[in-house]
Amino acid sequence: MNVVKIGQFIKELRKEKSFTQKEVAERLNVSEKTVSKWETGRGLPDLGYMLPLCKLFGISTNELLSGERLNDRQYVEKAEENIASLVSDRTSPRKKVIVSTVSCVMATLSSLALVLISAYFINELWLRLVLIGIAVMVVVSDVAVILLVAVSTEIYECERCGEKFVPGLSAYLFAPHTFRRRYLKCPFCKKKSWDKSHLKK
Ligand SMILES: [Zn+2]
């Protein structure tokens with residue numbers, strides 16, 4: 001999602017309708033400053049203002065978020081893209097961590113249950129193997145989710161030079177670590193140290 005493009009689009013639409021920023025602000029019950037912030041790409045309209053804004057200009061939210069008018073084919077393509085980026089932009093890193101932790105705990109418990117059920121209640125060997133196979137797959141995908149969330153939300157601060165960096169996937173997998181620190185090679189000073197993790201933003 002390109003905030004600057006969206007801003008320019010809002011400005012164009014406003015001029016087409018020959019509104020001033022003040023008139024748009026009055027109709028939406030926001031300050032003139034807010035409208036100017038949208039137009040210069042310094043901020044996206046809050047979800048609550050998107051619909052009224054689109055109604056005022058006679059466009060869809062999908063077009064607003066794409067920063068241009070869309071034909072039928074583009075419409076579907078852009079819709080998915082825009083929904084995905086809205087969700088990821090508005091979900092804070094902390095929330096992502098909580099959601100992924102909870103879902104991983106649930107998945108781990110349910111795969112444990114599967115293993116127990118297959119051990120105690122299922123006599124057919126093949127069915128047991130299938131259930132255990134499913135349990136293993138659930139655990140593996142759990143680990144993948146934890147890793148992806150960690151990579152997308154954590155940033156490390158070098159103990160030696162203080163620079164911040166995001167380690168690669170293999171560093172996450174293989175570097176020794178505690179809950180808050182990881183033994184990583186800093187890409188700036190090239191030295192290894194126990195670096196502290198922070199959440200992005
Ligand atoms: Zn460093």
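Residue numbers start at 1 and run along the sequence shown. Just follow the structure's listing: the first ligand is 1, and inside any ligand the first atom is 1.
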Stepwise salt bridge (charged side-chain N to carboxylate O under 4.0 Å, His left out) check, K191 with E159
CA-CA 9 Å; K191 290 190 178 114; E159 269 292 287; over 6 Å; no

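- No side-chain donor-acceptor contact under 3.5 Å links E39 and Q8.
- Looking only at protein N/O/S atoms, the ones less than 2.8 Å from the Zn ion (ligand 1) make 4 in total.
- From R128, atom CZ reaches atom CD1 of I117 across 12.5 Å, with rounding to the nearest 0.5 Å.
- Distance check, rounded to the nearest 0.5 Å: NZ of K164 to CG of D195 gives 12.0 Å.
- For the residue pair H198 / E154, no side-chain donor-acceptor distance below 3.5 Å is found, with atom types taken as modelled.
- To the nearest 0.5 Å, atoms CE (M106) and OG (S111) are separated by 12.0 Å.
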